[in-house]
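Heavy atoms only: backbone and side chains are in, while hydrogens, waters and symmetry mates are out. Read the numbers this way: they start at 1 and go in the same order the structure lists the ligands and their atoms.
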Amino acid sequence: MTLGRFAPSPTGVLHLGNLRTALASWLSARVRGGRWIIRMEDVDGPRCRRDLGEGQLRDLAALDLESDNPIVWQSERGAAYREALAALHRAGHLYPCACTRKDLQQLASAPHLEDGLRPYPGRCRGQIWEGWERALRCRLPEGSLDWEDRLLGLQSDEPARLTGDPLLFRRDGCFAYHLAVVVDDGAQGVTEVVRGADLRPVTATQIRLQEALGLPRPDYAHLGLVVAPDGSRLGKRAGALGLEALAARGISSREVLGWLGWSLGCQERPEACTPPELLGSFAWNRVPMGEVRVPEAWV
Ligand code: GLU
């Protein structure tokens, strides 16, 4: 049975790009008669806030996108992440990393990759585990990896080129995104990951981590980002493109859904609608691959 998920980080208001991902993941799961869940990815310390997460859930409910299961908050899943780290340690994959941010900047010989991603060059490989006081990285196998993206087709990447050995546990006691996302997709039985194209470059790393933990690989689809009318990144303007801000300008949630559905290739014009009305026309081969521009009038 298909299980799709939407996994926002509660660090702000859901903007049109996030809402588009939520709707696409819902449609993709439902069109196959599958289930769909929401998971709150609030592992990233103080940047994540419960009230922001609750606001995001209200916005999703206003679009009639409701989780089939009770919401999992990653901040409550520390025991599972610790267990996964212990398993990786037993299998010999973990090593403590003493590199500071400054060391990392000096060590990185590769130019900035997409989104400023730099691969970790592995300086602390060979260090011996001493307990939970140190940051922990996972040694991943060399070589490239192929996977099929529902939208983008065959992808081939190498964790070493893109992220290097990922940091899974921070010295301040926080579990890292790569660990939490992989452990929870596995624990919840997620079969389908739909998310923004900004996360495509870390997929190879996450797949290697799934393999190291003996977890099944879900299907992936990476959606083009929503950008400003002139094609630039939304940046700070994204905040003004949440449901509440749009409603204050007279744009209803049905109209937002209509635009999202149109941007996903479900309708010819951005006509106001509900999610179930889009089900009959959703298909991955109709979803445009590139970036989508917000309507001028909405910015
Ligand atoms: N929580 C991540 C974000 O909001 C998304 C994780 C994922 O979909 O894999 O950027």
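Taking a cut-off of under 4.0 Å to the non-hydrogen atoms of Val181, the atoms of ligand 1 that pass are 9 (O). Remark: ligand 1 atoms within the under-4.0 Å shell around heavy atoms of Tyr177 are 6 (C), 7 (C), 9 (O).
Tested against Asp68 for a salt bridge (Lys or Arg N to Asp or Glu O under 4.0 Å), the candidates Arg5, Arg30, Arg39 yield a single pass: Arg30.
Taking CZ of Arg293 as the reference point, atom CG of Leu234 lies at 11.5 Å (rounded to 0.5 Å). Atom SG of residue Cys138 and atom CG of residue Leu213 lie 7.5 Å apart, to the nearest 0.5 angstrom.
The two atoms that bring Arg195 and Tyr220 nearest to each other are NH2-CE2, 3.7 Å, heavy atoms only.
Relative to the ring axis of Trp73, Arg50 places its NZ or CZ within 45° and under 6.0 Å from the centre.
Checked by atom type and distance alone, the side chain of Gln56 pairs as donor or acceptor with a backbone atom of Ser9 at under 3.5 Å.
Phe6 does not count as a contact of ligand 1, since none of its heavy atoms falls under 4.0 Å from the ligand.
In this structure, atom 3 (C) of ligand 1 lies nearest to the protein heavy atom Ser9 OG, 3.5 Å. In this structure, atom 1 (N) of ligand 1 lies nearest to the protein heavy atom Glu41 OE1, 2.6 Å.
Contact annotation: for Leu199 versus ligand 1, heavy atoms closer than 4.0 Å belong to the side chain alone. Heavy atoms of Arg5 found under 4.0 angstrom from ligand 1 belong exclusively to the side chain.
At least one N or O atom of Arg195 sits closer than 3.5 Å to an N or O atom of ligand 1. An N or O contact shorter than 3.5 Å links Ala7 to ligand 1 by distance.
Ring centroids of Tyr95 and Trp129 are separated by 6.0 Å or more, keeping the two rings apart.
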